[in-house]
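Chain A is the first sequence line, chain B the second, and so forth, proteins listed ahead of strands; every chain is numbered from 1. As the structure is a computational prediction, the values presented were derived from the model and not from experiment.
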There are 2 protein chains.
Amino acid sequence: MIRIVIADDHPIVRAGLRAVIDSEADLDIVGEASTPSAAFELADSLTPDVILMDLQFGTDETGVDATTRIQQLPSAPHVLVLTNYDTDMDILGAVEAGAAGYLLKDAPPHELLAAIRAAAAGESALGPTIASRLLGRMRNTQNVLSPREQSVISLVADGATNADIARSLHISESTVKSHLVHIFTKLDATSRTSAVAEARSRGIIR
Amino acid sequence: MIRIVIADDHPIVRAGLRAVIDSEADLDIVGEASTPSAAFELADSLTPDVILMDLQFGTDETGVDATTRIQQLPSAPHVLVLTNYDTDMDILGAVEAGAAGYLLKDAPPHELLAAIRAAAAGESALGPTIASRLLGRMRNTQNVLSPREQSVISLVADGATNADIARSLHISESTVKSHLVHIFTKLDATSRTSAVAEARSRGIIR
DNA sequence: GCGCGAATCAACCTTTTGATTGATGCTTGG
DNA sequence: CCAAGCATCAATCAAAAGGTTGATTCGCGC
């Protein structure tokens, strides 16, 4: 019997997962969480085999944060990420946090059930598409932006001028321009608009 | 007995809706669709009372397109939109297409069930938040961009320079600049990056 | 200690963008 | 016919962004 916790902020998605999983004789849902911290607490108190984890809960804390914390538990369950997001940042972030699998929410039920059983057996539960995405893109995401560069690109994406950004971050415009030069190099961009577009497509900003 | 069709591309969401609705004595799911065109066909052939319609199906055709077509049917069902998107453009687009209600997917089951019954009774099924959003923003969305302006802002959001855009659309850079001036006025922006940010927040671009 | 990355800053120059003003032509509705 | 909106285009100038080069300091790992 594989014991499962469901972590998703949408009641209808939880109901759907329940419906799919409840009809399987070897699977048992032992708990449900609608926030990352509730997911962590259930992982700790219920010691499930597998936890199905959404990435975005409409809270500051994310499914990646909860996944990271869950890895510190003495009997950490296998985390299977189930999400709408398929950018490189999202995939790599979840895998680096210790997720054993990554599935998109449009996956048909038989794929979901196979992924749950694989994760419970300690196997990688990445579909071939996601696995090859991961391998092919390791180099790019290693060039990820520094925390300061992240702040700058986020403000650019909000429509801020270099002068606005300098004021917000209490630095000079020269420093803003320096950060932008680095951002352009890392993202292979030549303007603020192309840098923002690339950062969006990589999931660096949302 | 309220007869319902479910239109959503995610099997897990459909399973969740089924689970929520099947437990209600006065509600009956008569069909399911995973594309907008399948939704239209079922609306035509099964003549349900209510159709639960997602907006994005991963296809070129959207739930708004299907909603528009459904209004032409002799016994058009009431369309209740159920989606993750809450931008002004999305809400207004659906309402203008003839949707009788609009719900976000994080709505709890009791709200969903109330909205279904209201829609079936011919009542507006907009939550108070969404209704006030709609009224408060009618003015803004009436200033929506012309088709050409839409093309220009989309290309800007992709990171294109004015020269790139002129080449793509086979016009002069002067014309690109003119369109941008109009876009800035309509979106209350002063730079391309702030225009893109505002267009995103309004759902003009995604 | 050295090398590297990150953060900070500047000067100088070029390019692009944005603001303003003006114009033409077409289509649509009153 | 007139007005408004849309699409197109131009000239001129100011402002912002981008490119390049150079520098300093700090923290970390080898």
Q. What pairs of residues pass the salt bridge (Lys or Arg N to Asp or Glu O under 4.0 Å) test when at least one of them lies in residues 67-79 of chain B, not counting sequence neighbours?
A.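 Sorted pair list: B:Glu61-B:Arg69.
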**Q.** Comparing B:Thr161 and A:Pro147 on DNA chain C - which has the more 5′ nearest nucleotide
**A.**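 Final value for this comparison: A:Pro147.
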Q.
Let me spell it out: for each of B:Ser191 and B:Ser178, pick the nucleotide of DNA chain C with the closest heavy atom. Which residue's pick is nearer the 5' end?
A.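 Its nearest nucleotide lies further toward 5', so the answer is B:Ser191.
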Q.
Run the salt bridge (charged side-chain N to carboxylate O under 4.0 Å, His left out) test against A:Arg14 and tell me which residues pass, sequence neighbours left out.
A.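 Scan of A:Arg14 (salt bridge (charged side-chain N to carboxylate O under 4.0 Å, His left out), adjacent residues dropped) gives A:Glu32.
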Take atom [atom1] of [X] and atom [atom2] of [N], then tell me their distance rounded to the nearest Å.
X	N	atom1	atom2	value
B:Asp164	C:dT16	CG	P	10 Å
B:Ile153	D:dC6	CD1	P	15 Å
A:Leu180	D:dA16	CG	C1'	12 Å
A:Ile171	D:dT25	CD1	C1'	16 Å
A:His182	C:dC9	NE2	P	14 Å
A:Asn162	C:dT16	CG	P	17 Å
B:Ile165	D:dA7	CD1	P	15 Å
A:Phe184	C:dT15	CZ	P	17 Å

Q: May I ask you to decide whether B:Glu198 forms a salt bridge with B:Arg202, counting only side-chain N to carboxylate O separations under 4.0 Å?
A: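 Counted as a salt bridge, because a side-chain N and a carboxylate O are separated by less than 4.0 Å.
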Q | Salt-bridge present (A:Lys105, A:Asp8; N to O < 4.0 Å) | A |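 Yes, this pair counts.
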Distance check: side-chain N/O of [X] vs OP1/OP2 of [N], anything under 4.0 Å?
X	N	answer
B:Arg192	D:dA17	no
B:His179	D:dT8	yes
A:Lys177	C:dA11	no

Q) Looking at five pairs on each end of the helix from C:dG1-D:dC30 to C:dG30-D:dC1, what is the angle between the two axes, given to 10 degrees? A)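 Comparing the first five pairs with the last five, the axes sit 50° apart.
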(Q) Within the 3.5 Å criterion, strictly below it, is a donor on A:Ser154 or A:Ser151 matched to an acceptor on the partner's side chain? (A)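 The criterion, which ignores hydrogens and geometry beyond distance, is not satisfied for A:Ser151 and A:Ser154.
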Q) So which of A:Leu55, A:Val95, A:Leu103 actually passes side-chain contact (heavy atoms from CB on, under 4.5 Å) with A:Val81? A)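 Running side-chain contact (heavy atoms from CB on, under 4.5 Å) over A:Leu55, A:Val95, A:Leu103 with A:Val81 returns exactly one hit, A:Leu55.
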(Q) Looking only at the side chain of B:Lys186 (C-beta and beyond, no hydrogens), which of the listed nucleotides D:dC6, C:dG18, C:dA10 gets closest? (A)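 Nearest listed nucleotide: D:dC6.
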Q) Checking B:His182 side chain against B:Ser178 main chain: does a donor-acceptor pair fall under 3.5 Å? A)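 Yes: the side chain of B:His182 pairs with the backbone of B:Ser178.
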Q: Could you check whether B:Thr175 gets within reach of a base, just the sugar-phosphate, or nothing at all, counting any heavy atom under 4.0 Å?
A: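 B:Thr175: base contact, heavy atoms under 4.0 Å.
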(Q) Does B:Ser146 reach a base, just sugar-phosphate, or nothing at all? Heavy atoms under 4.0 Å. (A)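 Sugar-phosphate only.
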